[in-house]
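Reading through the structure tokens given below for one structure.
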Amino acid sequence: MLRYLWLTLGYMSFLLGTAGIFLPLLPTVPFYMLALFCFAKGSEKMHRWFVQSDLYKKHAADFMQKKEMTLKAKMNVMVTVTLLMGLALWLLPEEMYIGYLIIGTAWTVHVLYFIFGIRTKIKMK
């Protein structure tokens, strides 16, 4: 039963990541990373298929292997997370100070990680 849960989550992450290729609001790399993790937990066959797919190689392999992303990909992820966390802050009641603190801390750690923890890939022409 747990295996099917991992596979279902992996398929959903894969679909959202693939949609993110075409829709700028959805970040491709984080969804592909989640899909990779879920497929590894759910099925060795699906994990192998995903790692060998052209979509994975083009959009997430560099990050997973070299911990680097293009500036465009980094900005896409940071803008999306900022918008989603901003929406969460907007929806929180004003008296939920701990919620503001948690979301603000998560956002700060996220931005610092993407700025300092992930190298920016320079495209060679």
Side-chain angles (χ1 to χ4, degrees):
M1 183 70 169
L2 189 59
R3 176 177 183 253
Y4 294 111
L5 179 66
W6 284 117
L7 288 173
T8 301
L9 188 57
Y11 289 125
M12 290 178 4
S13 300
F14 173 73
L15 291 173
L16 288 170
T18 302
I21 295 169
F22 307 103
L23 302 171
L25 185 62
L26 294 173
T28 300
V29 174
F31 282 119
Y32 276 5
M33 289 170 41
L34 180 59
L36 182 69
F37 177 79
C38 294
F39 287 149
K41 291 282 195 179
S43 165
E44 181 62 33
K45 181 180 176 182
M46 284 305 303
H47 182 258
R48 273 194 315 269
W49 167 81
F50 185 59
V51 170
Q52 294 172 355
S53 73
D54 290 335
L55 289 171
Y56 171 80
K57 289 176 185 175
K58 182 177 180 185
H59 296 282
D62 279 346
F63 175 76
M64 295 303 292
Q65 294 166 1
K66 302 174 190 173
K67 296 290 187 228
E68 67 181 17
M69 297 173 79
T70 63
L71 182 59
K72 180 180 176 183
K74 285 172 84 170
M75 293 304 294
N76 189 22
V77 171
M78 287 195 293
V79 166
T80 302
V81 169
T82 299
L83 289 173
L84 292 173
M85 288 187 177
L87 177 64
L89 288 172
W90 183 65
L91 293 173
L92 270 177
E94 289 182 24
E95 59 276 355
M96 292 279 303
Y97 302 113
I98 190 73
Y100 286 95
L101 181 63
I102 291 169
I103 292 172
T105 302
W107 179 82
T108 302
V109 169
H110 169 270
V111 170
L112 290 174
Y113 176 70
F114 270 81
I115 292 172
F116 299 112
I118 300 173
R119 291 187 304 270
T120 302
K121 181 179 178 181
I122 306 298
K123 288 187 176 182
M124 298 292 182
K125 293 186 179 193

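Just the heavy atoms: all of them, side chains too, but no hydrogens, waters or symmetry mates, feed the values below.
- Between the side chain of S43 and the backbone N or O of F39, no donor-acceptor pair lies under 3.5 Å.
- Put simply, OG1 on T82 and CG on L87 are 12.5 Å apart, with the number rounded to the nearest 0.5 Å.
- Residue F116 is grouped with residue W107 when hydrophobic side chains (ILVMFWY) are merged at heavy-atom distances under 4.5 angstrom, including chains of intermediate members.
- Among all heavy-atom pairs drawn from T28 and G20, the shortest one is OG1-C, 3.2 Å.
- Expressed to the nearest 0.5 Å, how far CG of L16 lies from CD1 of I21 amounts to 11.5 Å.
- In this structure, V81 is a member of the same hydrophobic cluster as M78, with clusters built from ILVMFWY side-chain heavy atoms closer than 4.5 Å.
- Nearest heavy-atom pair across G10 and A35 is O-CB, 3.6 Å.
- Side-chain heavy atoms closer than 4.5 Å link hydrophobic residues (I, L, V, M, F, W, Y) into clusters, and following such links, even through other members, never connects V79 to W90.
- Proximity of V109 to L112: side-chain heavy atoms (C-beta onward) are nowhere separated by under 4.5 Å.
- Contact annotation: the side chain of Y32 approaches that of F14 to within less than 4.5 Å [non-hydrogen atoms, C-beta and beyond].
- Side-chain contact between L5 and L2: present, with at least one pair of heavy atoms (C-beta onward) separated by less than 4.5 Å.
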Inset, instruction - Decide yes or no on side chain to side chain contact (heavy atoms under 4.5 Å, CB included) for W6 and R3, but give the supporting numbers first. - result: CA-CA 5 Å; W6 284 117; R3 176 177 183 253; 5.8 Å; no
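- Using a distance-only test at 3.5 Å, with no hydrogens or angles considered, no donor-acceptor pair links the side chain of T120 to the main chain of L71.
- Contact check for H110 versus Y113: no side-chain heavy atoms found under the 4.5 Å cut-off.
- Atom OH of residue Y100 and atom CG of residue L92 lie 5.5 Å apart, to the nearest 0.5 angstrom.
- In this structure, CZ on F31 lies 9.5 Å from CE on M12, to the nearest 0.5 angstrom.
- Y11 is listed as a side-chain neighbour of L7, based on a closest heavy-atom distance under 4.5 Å.
- Using a 4.5 Å heavy-atom threshold, the side chains of L55 and F50 count as separate.
- To the nearest 0.5 angstrom, I102 atom CD1 is 8.0 Å from M96 atom CE.
- In this structure, L34 is not a member of the same hydrophobic cluster as V51, with clusters built from ILVMFWY side-chain heavy atoms closer than 4.5 Å.
- Interatomic distance, T80 OG1 to L84 CG, rounded to the nearest 0.5 Å: 6.5 Å.
- Considering only heavy atoms from C-beta on, L89 stays 4.5 Å or farther from M85 through its side chain.
- No single ILVMFWY cluster, assembled from side-chain heavy atoms under 4.5 Å apart, contains both V111 and L101.
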